[in-house]
Every structure is written in C-alpha cells, then in structure tokens.
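Please read the structure below before turning to the comments.
Values in this document were obtained by computation on a predicted structure and should not be read as measured data. Each chain gets a letter, A, B and so on, in the order its sequence line appears, and its residues count up from 1.
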4 protein chains.
Amino acid sequence: MTDPTPAAGLVKRGRPRSERSRAAILDAAAELLLGRGLGGVSMDDVAAAAGVSKATIYRWWPRKESLALDALYRDWAVGCDAALDTGSLGGDLLALLRPWYALLTRRPYARVIGALITEAQSDPAFAREYLARFVEPRRARALAIFERAIGRGEVGLAVPVDVTLDLLYGAIYHRLLHGHAPLSERFLEQVIDTVLVGVTPRAGGPTAVPR
Amino acid sequence: MTDPTPAAGLVKRGRPRSERSRAAILDAAAELLLGRGLGGVSMDDVAAAAGVSKATIYRWWPRKESLALDALYRDWAVGCDAALDTGSLGGDLLALLRPWYALLTRRPYARVIGALITEAQSDPAFAREYLARFVEPRRARALAIFERAIGRGEVGLAVPVDVTLDLLYGAIYHRLLHGHAPLSERFLEQVIDTVLVGVTPRAGGPTAVPR
Amino acid sequence: MTDPTPAAGLVKRGRPRSERSRAAILDAAAELLLGRGLGGVSMDDVAAAAGVSKATIYRWWPRKESLALDALYRDWAVGCDAALDTGSLGGDLLALLRPWYALLTRRPYARVIGALITEAQSDPAFAREYLARFVEPRRARALAIFERAIGRGEVGLAVPVDVTLDLLYGAIYHRLLHGHAPLSERFLEQVIDTVLVGVTPRAGGPTAVPR
Amino acid sequence: MTDPTPAAGLVKRGRPRSERSRAAILDAAAELLLGRGLGGVSMDDVAAAAGVSKATIYRWWPRKESLALDALYRDWAVGCDAALDTGSLGGDLLALLRPWYALLTRRPYARVIGALITEAQSDPAFAREYLARFVEPRRARALAIFERAIGRGEVGLAVPVDVTLDLLYGAIYHRLLHGHAPLSERFLEQVIDTVLVGVTPRAGGPTAVPR
DNA sequence: GTGTAATCGAGACGGTACGTCGAGTCTTGTG
DNA sequence: CACAAGACTCGACGTACCGTCTCGATTACAC
C-alpha cells in the first residue's frame with residue numbers, strides 16, 4: 001500500500017516523508033481498532049491520537065480499511081516466518097498454528113478481521129490485498145508442511161490438500177468469528193488431530209458419499 | 001426481535017401494527033441488502049423502497065443490523081426443517097447441506113453475513129440473536145445426524161462431535177467469506193468425504209499429536 | 001373556534017363531547033405554554049399532561065396555534081369587561097390598562113403572544129381570529145373611553161384617536177415584546193401622561209411636521 | 001455572532017473561511033426568509049439555495065434564528081447611519097424614520113421580525129444580540145435627535161425621553177406586527193405629530209393622572 | 001332493550017425537518 | 001514537496017414533532 005522504495009531513477013524532491021508520522025499513525029490505528037473495532041474508529045480519532053493531520057493519513061492510505069490492513073498486518077506475521085521442521089505433520093501444524101492462535105486470543109482481532117472480510121465482499125481489489133497479506137502466507141506455509149508430509153508418506157496421495165487446509169483454517173476462523181464456542185488451545189489440538197485422522201492413509205478406503 | 005405474540009393477558013389497545021408495512025420493509029430490506037450489501041443500503045433507502053416512514057422502521061428495529069437479521073432470516077431456514085433420513089451419515093449430511101449451499105450461492109449472502117458477524121463482535125445481545133437464528137439451528141440438525149450415525153456405529157465413540165461440526169461448517173464459511181477458492185458443490189462433497197474419513201472408526205487408533 | 005352552541009335545528013346524536021377533557025386540555029395547554037413557550041410544547045406534551053388522546057385535541061382544534069389562542073384567551077379578558085367611569089380620561093385609561101398590565105407581568109405571556117403574532121403573519125384567518133380576540137376588544141374599550149372624553153371636551157377634535165390608541169398600546173407591546181426596558185407600573189403611568197398631554201386641547205396648535 | 005476579526009495575536013492557521021459561501025448563505029437566507037417566513041424555511045432549503053453544505057451553515061450559526069438575524073441585518077442599517085440635521089425635531093425624526101419605514105413596507109419583514117422576537121423571549125443571549133443590532137442603534141439615533149431638540153428648547157425638560165421613544169417606535173412596531181391598520185406614510189407623520197404635541201413645552205403644565 | 005352515532009383512549013402511521021457525525025477533499029500558511 | 005490546521009461537500013444517521021389513521025371501548029339519544 002505504501003511503497004517505501006520508489007522508482008530508483010526518480011530524484012527525491014521536497015520534504016521527505018516523516019517516518020515518525022507513519023509509525024504514529026499505524027500505532028494509533030492498531031490500538032484504536034483493537035479497542036473499538038473498525039466501525040467505532042473515525043479517521044479524526046486516528047489523526048488526533050497520532051498527533052497528525054488527517055490529510056497526512058489520506059496522502060498515504062486511500063481509505064480507512066487500507067489503513068486498518070496495514071495497522072494490523074505488523075503483528076499478524078508472527079510465527080509465520082518460522083518454518084520449524086518437527087519431523088511430523090501434527091508437530092509441524094501445531095508449531096505453525098500455536099503462535100497464531102496466541103495472537104488471535106490475546107486481543108480482540110476478530111472485530112477488525114470481520115470488518116475487513118466484509119469490506120472485501122464488495123471491493124475485489126481490497127479482497128486481493130487482504131488475501132495476499134492475511135490468508136495466503138499462512139496457507140502457503142501449511143501447504144509446504146503438507147507437502148513435506150506427503151513426501152514422508154504421512155498423507156494419502158488421494159487427499160485433496162486444499163480442502164484439508166480449508167477444514168483446518170475454516171474451523172479456527174469459524175470459532176474466532178462466530179464465537180459459538182471458545183477458541184481454546186484444546187480446540188486447536190482437536191482440530192489438528194481430527195484432520196490427521198482424515199488424511200492418514202490406511203488399508204481400506206473411506207466410504208464415498210453416495211450421489 | 002419483534003415478537004408477534006405479546007403477553008396473552010394484555011388487552012390489545014391502540015392501532016394495531018400494520019402487517020403490510022412489516023412485510024414491505026422486510027421485502028425491501030432483503031432485496032436491497034443482497035443487491036448492495038449492508039454498508040451500501042441506508043435506512044432511507046429501505047424506507048423509500050418499502051413506501052414506509054423511516055420512523056416506522058426504527059420503531060420496530062433498533063438498528064440496521066437487526067433489520068438485516070430479520071430480513072434475511074426468512075430465506076435462511078430453507079431445507080433446515082427437512083430432516084431426511086437417508087440411512088448413511090454422508091447421505092444425511094449432503095441432504096442437509098446441499099439446499100443451504102444452493103441458497104448461499106444463488107445470491108450474494110456473504111456480503112450481509114459478513115456484516116452481521118462483524119456487528120456481533122461488539123454487541124453480545126446481537127451475537128446471541130445471530131447465533132440462535134443463523135447458526136444453532138443448522139448445527140443442531142447436523143448434531144442429530146451425527147448422533148444417529150453414532151447409534152449406527154458409523155462414527156467412533158472417541159470423536160469430538162462439536163469439533164467435527166466446526167470442521168464441516170467452518171470450511172464452508174471459510175470459502176464463503178474469504179473467497180480464496182470457489183464454494184462449489186464439488187467442494188461440499190470433498191469436505192463431507194474428508195470429514196467422513198476422519199470420523200469413521202477403524203482398527204488402529206489415530207496418531208495423536210505429539211506435545 | 002369551538003362553538004358550544006351548534007345549529008339549533010340539528011338534533012344532538014352520539015356521545016356528547018366531554019367537558020372534562022376540554023377543560024383539562026385548555027388547562028394543561030395554558031400551563032405548558034406559559035412555562036415553555038409555544039415552540040417548546042408539543043401536542044403530545046399537552047395530550048399527556050391533560051390525560052387525553054392526541055386525536056381528541058385535533059378533533060376540536062385544527063392546529064397548535066388555535067389551541068394556544070383558546071388556552072390563553074380565558075385569562076386575557078380580565079378587566080376588559082369592567083367599564084369603569086372615573087370621570088377623567090386619565091383615570092379611565094388607568095382603570096382599563098392596570099389590570100391588563102398586572103396580567104401581563106404576572107406570567108410570561110410575551111412568549112406565547114410573540115408566537116401567535118408570528119403565526120398571524122402568514123395565516124390571514126388566524127390573524128383575524130387573533131385580532132378579534134386579543135386586540136380589538138381592548139381597543140374598543142379604549143376607543144369608548146376616548147369618545148367619552150371627547151364629549152367632555154377633554155380631547156381636541158383634531159386628534160386622530162386611532163393613532164393615539166396605537167401610541168398607547170404600541171408602547172406597552174413594545175416593552176412587553178422587546179424587553180429593552182422594564183414594563184413597570186411607573187412606565188404605564190408615564191405613557192398615559194404623555195398621551196394625555198398630546199391630546200389635550202390648547203390655545204396654540206401644535207407645530208406641524210414640515211413636508 | 002460571527003466575528004470577522006479574531007484575536008490579533010493569533011496566527012491564522014488552516015483553510016480560511018470561504019467568504020463566497022458566507023455571502024451565498026446570507027443572500028439565500030434573506031431571500032427565502034422574506035419570501036416564506038422563518039417557519040417556512042428549513043436549513044436544507046437554505047443550504048440548497050446557497051449551494052452549500054448544511055454542516056457549513058451549522059458551523060457558523062448555531063440555529064436558524066441566528067442566521068436570520070445576520071441575514072436580515074445587512075439591509076436593516078439603511079438610513080440609520082445618516083444623521084441629518086434638519087434643524088427641527090419633527091424634521092429630524094421624519095428623516096430618521098422615513099427610510100426605515102420604506103424598508104419595512106417594501107418587503108414582508110414583519111414575518112421574520114416576529115419570529116426573532118419570539119425566539120428572544122426564551123433565549124436571553126439571543127435577545128441581547130437582537131436588541132443590540134435591531135433596536136438599540138435606531139433608538140440611539142432618535143435619542144440624539146431628542147437631545148439636540150432639548151438643547152434648542154423644543155422639548156420640555158420634564159419630558160421622559162425614553163418613554164417618548166417607546167411611544168414612537170412602539171406605535172410603528174404595533175402596526176407592523178399586528179396589522180390591524182395599515183402602516184402608511186400618513187400614519188408615520190401622524191405619530192410624529194402627536195408625539196411632538198406631547199413633548200412641546202407650553203405655559204400650563206400637563207394634567208397629571210389622578211391616583 | 002336495542003340500534004345508531006359520535007366520542008374517547010391508545011398508539012401506529014407517513015412525512016418533514018432537525019442537528020450531528022463521519023468520510024474524504026481542498027486550501028491555506030509553514031518547514 | 002510534506003505537513004498541521006481546519007473549512008468544505010456529501011450523505012446518512014437517529015430523533016422529534018406534526019397531523020392522520022385505525023382500533024376497541026364508551027356513552028348518549030332514538031326507536
């Protein structure tokens with residue numbers, strides 16, 4: 001959204017962008033968003049909290065949702081880069097998902113995530129941005145883990161991995177967003193266990209759905 | 001939200017509520033919401049489309065989200081009441097989920113569902129209402145199906161059914177809301193198949209997650 | 001506005017008008033109007049204070065201003081009917097105006113009078129009603145007093161009495177409505193004195209305005 | 001109400017107020033007010049007619065009445081600044097009042113004046129503003145004229161000038177607001193004549209009101 | 001007594017304006 | 001150029017009041 005490295009050939013003219021302002025805006029936005037949700041925070045609020053002019057925010061972020069995306073993204077990558085190889089599918093998944101779970105439950109991320117998802121429904125460009133930053137990276141990590149497991153023979157070849165990923169992440173998002181039941185560490189383990197059973201190869205094949 | 005059967009002992013006084021207006025409001029709201037999403041529809045829009053005063057809407061629905069809940073709810077129950085017993089877990093699940101899938105994909109429900117979920121994050125009363133109307137009924141149906149399957153020995157006794165339900169519904173909501181991959185009938189079947197494999201009892205127990 | 005004696009030929013049918021309601025409405029209206037002014041009182045307020053249905057008010061008074069007219073009129077006639085003959089112009093005027101002055105200063109009539117006058121500016125029928133009830137009667141009394149004084153030779157024949165009435169009442173209304181100076185009993189006497197001087201016949205005529 | 005010259009020591013920051021908008025608002029307001037009266041004009045009307053946002057109006061004028069005050073004030077000063085000295089009290093008064101009379105009768109000012117007076121009844125601050133702008137200046141002019149006349153011996157020393165001013169202005173306002181009789185140029189002259197007679201010194205003192 | 005007819009209460013209704021708020025843009029002067 | 005300040009447009013918000021309406025329940029007179 002805010003490219004820090006402009007075209008190399010261009011000479012930089014005029015006053016340079018204030019890094020201080022940028023950080024203040026993102027900090028203030030993140031704090032306010034987690035506290036009151038996207039709908040409860042106005043751009044004036046962010047500007048006031050960051051000690052910054054509203055025009056400065058709009059110069060760098062086209063709308064509130066984009067700002068929210070950037071503000072929340074900084075924490076979001078936690079544990080995503082660490083590609084631990086524990087040697088087993090279950091261990092790898094747990095190592096991948098546990099830090100994320102910790103993040104999700106530490107502060108009310110669901111508030112803002114819900115609003116971002118809603119915004120994505122009617123703005124394809126925003127949807128792409130959201131997916132690219134918040135969904136795809138974790139999905140790619142999980143996919144790599146599954147591929148390693150397939151290589152080790154831990155996962156049956158007939159298993160549709162993309163569907164499995166949806167089961168895994170879908171279950172977690174489901175509890176996160178709907179809150180019909182607690183999103184606990186126990187739940188995380190149960191989800192992984194159930195998925196493991198579903199993908200582990202065995203002698204007799206599963207009973208297919210009659211159509 | 002709007003109880004049609006007030007306290008029986010109370011004598012009815014004053015001009016009765018106009019059923020015509022109520023229906024017109026819900027119709028107009030449903031149509032507009034599916035067309036433009038919650039954020040794209042104003043109360044004035046609904047009032048104008050329904051040929052009704054804005055005050056009349058506010059008299060019965062405290063906010064736009066509540067109205068949306070009522071407006072969408074009327075279609076939502078589709079296929080939920082039909083408790084087909086096909087004789088197999090997979091068949092039952094498919095019979096339950098297929099009509100719902102058809103509803104979800106026929107019109108852009110995701111737009112409004114997302115907004116309702118977002119609202120639920122910061123309003124516990126609304127969250128309860130949303131769950132009670134949009135989530136719990138379908139979940140209860142699925143639970144009944146699983147219990148029948150357990151009775152038939154189709155599902156292992158150690159399987160945590162609530163987690164399984166989250167895998168099932170979570171996967172579908174995940175694709176519905178995130179749109180990272182199409183929510184197709186094929187996907188629906190794959191989800192059911194994978195879940196079936198995960199819950200079907202077998203000789204050797206599942207590999208537990210190493211902790 | 002509300003004719004208590006309908007066409008004689010008409011037979012009275014149906015439930016008769018509740019005199020209790022009528023009185024309660026006028027009482028409540030007068031009290032509220034003097035307390036909060038016309039703009040500060042809603043028809044719902046009056047209905048609630050009178051323990052009466054809003055429809056009942058509208059059945060008998062076409063609009064709020066008409067109700068205000070009736071509500072205030074009951075006090076307004078004070079001292080207007082008493083046609084004391086003190087024997088002198090000054091004495092008669094004082095006897096006429098003093099009770100009215102007392103009424104005006106006892107409670108904040110100016111609030112409502114101002115609103116009625118304003119309404120009269122854009123509704124000729126209302127203006128006629130207002131004049132006929134609030135202005136003409138007192139004017140007619142004063143006119144009679146002046147005519148008696150003319151008969152006694154207290155007032156010059158060349159004096160334009162209607163203009164003199166405007167000076168008299170105008171001065172009082174001026175202080176009542178504008179409040180730039182107190183409307184005191186002293187002021188009332190000074191006004192009468194000054195008018196007396198202006199109308200008393202003398203040897204040399206007044207200096208006419210050069211035109 | 002809207003001070004054009006803020007504290008001198010303060011540096012002007014931010015976008016300056018649009019003089020164009022300010023003038024358009026006052027023009028539109030004056031035109032609409034004289035055409036339909038205060039009650040017949042909504043803030044949306046003014047905003048639309050002035051090609052301006054409603055919020056901009058509310059930023060500078062707290063309520064409709066304040067706007068009306070400013071909008072009408074621009075014409076109101078007509079002939080007030082010209083302090084003609086015709087040499088006689090009658091001539092001076094006529095020179096002062098004739099232009100005002102002309103203004104009052106050219107367009108339906110009474111509509112709005114009535115509403116302003118009504119508002120003043122329940123808002124002391126507004127009352128002060130109204131008096132300071134619409135009443136006091138003309139009164140001060142007339143007072144100066146009377147004091148010159150006293151210096152010339154045209155007015156008796158015992159005459160209470162403030163009461164005389166109330167007779168003069170009161171009579172005019174009375175006909176303006178009540179409309180029981182036409183506010184004509186002839187009436188204006190008669191009022192001045194009668195007042196002149198009342199204040200001109202003579203041999204025998206006036207007959208005091210018997211108490 | 002049994003219509004018939006007008007009243008009454010309660011309160012929902014369409015409509016209009018209110019005054020406020022937030023998003024996002026624009027216009028100054030200053031660094 | 002970037003930035004702070006803040007005025008601006010636009011559009012929606014939720015509320016309040018107006019005057020109308022639809023109920024069921026009363027209350028009179030007329031038959």
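Remark: side-chain polar atoms of D27(D) are not paired, donor with acceptor, to backbone N or O of A24(D) under 3.5 angstrom. Formation of a donor-acceptor pair under 3.5 Å by the E129(D) side chain with backbone atoms of A125(D) is not found in this model. Remark: the backbone N or O of L38(D) is paired with a side-chain donor or acceptor of K64(D) at under 3.5 angstrom.
Between the OH atom in Y130(D) and the CD1 atom in I117(D) there is a gap of 4.0 Å [rounded to 0.5 Å]. One distance of note links CD of E65(B) with CG of D123(B); it measures 8.5 Å at 0.5 Å rounding.
The CD1 atom of I57(A) sits 16 Å away from the P atom of dA2(F) (whole-angstrom rounding). In this structure, CG of L67(C) is placed 15 Å from C1' of dC17(F), rounded to the nearest angstrom. Counting to the nearest Å, the P atom of dT15(F) and the CZ atom of R63(B) are 11 Å from each other. One atom, OH of Y58(B), and another, P of dA12(F), lie 11 Å apart when rounded to the nearest Å. Following rounding to the nearest Å, R17(D) (CZ) and dC8(F) (P) show an atom-to-atom distance of 7 Å. To the nearest angstrom, C1' of dC8(F) lies 6 Å from CZ of R59(D). One interatomic measurement links the two molecules: CH2 of W61(A) to C1' of dA2(F), which rounds to 14 Å at whole-angstrom precision.
Remark: nothing in residues 110-125 of chain A comes within less than 4.0 Å of DNA chain E through any heavy atom. Within residues 27-41 of chain C, no residue approaches DNA chain E, by heavy-atom distance under 4.0 Å. Applying a 4.0 Å cut-off to non-hydrogen atoms, the residues of residues 42-55 of chain B that approach DNA chain F are S42(B), M43(B), D44(B), K54(B), listed by residue number.
Both tests pass for R17(D) against the ring of W60(D): distance under 6.0 Å to the centre and angle within 45° of the axis.
Here chain C contacts DNA chain E (any atom closer than 4.0 Å to a heavy atom, that is under 4.0 Å), and the contacts span dT4(E) to dA10(E) from 5' to 3'.
Residues R22(D) and S18(D) have side chains not in contact (no heavy-atom distance under 4.5 Å, counting atoms from C-beta outward). Within the 4.5 Å cutoff, the side chain of T118(D) has no heavy atoms near those of the I113(C) side chain.
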Protein N or O to nucleotides 25-28 of chain F N or O, pairs below 3.5 Å:
| from | atom 1 | to | atom 2 | distance (Å) |
| --- | --- | --- | --- | --- |
| dT26(F) | O2 | R15(C) | NH1 | 2.9 |

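Listed by first then second residue, pairs satisfying salt bridge (charged side-chain N to carboxylate O under 4.0 Å, His left out) with a partner in residues 110-120 of chain A read R63(A)-E119(A), not counting sequence neighbours.
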